[in-house]
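Here the structure is laid out as structure tokens; the discussion comes afterwards.
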Amino acid sequence: MKDERKYDLESRTFLFAKSVRSFIKRVPMTLTNVDDCRQLGKASGSVGANYIEANESISRKDFDYRIKICRKEAKESTYFLRLIDISDRSELQNEQNDLIQEASELTRIFGSIVSKRNRLI
């Protein structure tokens, strides 16, 4: 995932969602993890889906709105990744940390797009 994610944001968001789903399959399904994983799955997939929508937008306002949703969903993904309890599964710790880092990077990328577009107005 790390080599491909630098340039193609559509592929990067897709790989992020796929990696999250792979991670979720191995998370112990406690009562709280079930809800958190459900929310994480939705948020991680929404990042890429809204990026595709942004690229297909019909107006500048629509593009800006979709990119802001991408940022929001990436932030939400970070939040739920941090909430998921894997305390008894240390082998998942590195993967969880990598996903948190990727979600944080995506948040910053989409935030940067929003900032740059706002300066162009």
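- Only one option out of Gln101, Glu95, Gln93 pairs with Asn97 in a side chain to side chain contact (heavy atoms under 4.5 Å, CB included); it is Gln93.
- Using a distance-only test at 3.5 Å, with no hydrogens or angles considered, no donor-acceptor pair links the side chain of Arg89 to the main chain of Val27.
- For the pair Ile84 and Asn33, the tightest heavy-atom approach, listed with the atom from each and the gap, is CA-OD1, 3.6 Å.
- Side-chain contact between Thr78 and Leu106: absent, with no pair of heavy atoms (C-beta onward) separated by less than 4.5 Å.
- Annotation: Phe63, atom CZ; neighbour count of heavy atoms from other residues, nucleotides and ligands within 6.0 Å is above 12.
- Across every non-hydrogen atom of Asp85 and Pro28, the tightest pair is O-CG, 4.0 Å.
- Identified under the ring pair (Phe, Tyr, Trp, His ring centres under 6.0 Å) test for residues 34-60, with sequence neighbours left out: Tyr51-Phe110.
- There is no path of hydrophobic side-chain contacts, each under 4.5 Å, that joins Ile113 to Ile69.
- Between Lys42 and Glu76 there is no salt bridge, since no side-chain N of the basic residue sits under 4.0 Å from a carboxylate O of the acidic one.
- In this structure the side chain of Leu83 reaches within 4.5 angstrom of the side chain of Phe80, judged on heavy atoms.
- Closest of all the heavy-atom pairs between Ser44 and Ala17 is O-CB, 3.7 Å.
- Screening Asp36, Val34, Leu40 against Arg38 for a side chain to side chain contact (heavy atoms under 4.5 Å, CB included) leaves a single residue, Val34.
- Of all the heavy atoms in Ala54 and Arg66, the pair that sits closest is CB-CB, 3.5 Å.
- Scored by the side-chain contact (heavy atoms from CB on, under 4.5 Å) test, Val114 finds Ile67, Lys68, Arg71, Asn118 as partners (sequence neighbours excluded).
- A donor-acceptor pair under 3.5 Å is formed between the side chain of Thr107 and the backbone N or O of Ala103.
- Between Gln96 and Ile86, the shortest heavy-atom distance links the atoms OE1-CD1, 3.1 Å.
- For the 3.5 Å distance criterion, the side chains of Arg26 and Ser22 qualify, holding a donor opposite an acceptor.
- Within a 6.0 Å radius of CD in Glu56, no more than 12 heavy atoms belonging to other residues, nucleotides or ligands are found.
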Could you give me the CA-CA distance, side-chain angles and deciding distance for Ile24 and Met29, then say whether side chain to side chain contact (heavy atoms under 4.5 Å, CB included) is met? CA-CA 9 Å; Ile24 287 172; Met29 286 299 138; 4.2 Å; yes
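- Shortest non-hydrogen contact noted between Glu73 and Ser46 is CG-OG, 3.4 Å.
- Residues Asp64 and Lys61 are not paired through a salt bridge, judged by the lack of any N-O separation under 4.0 Å between the basic side chain and the carboxylate.
- Considering only residues two or more places apart in sequence or on other chains, Ile52 meets the side-chain contact (heavy atoms from CB on, under 4.5 Å) condition with Glu10.
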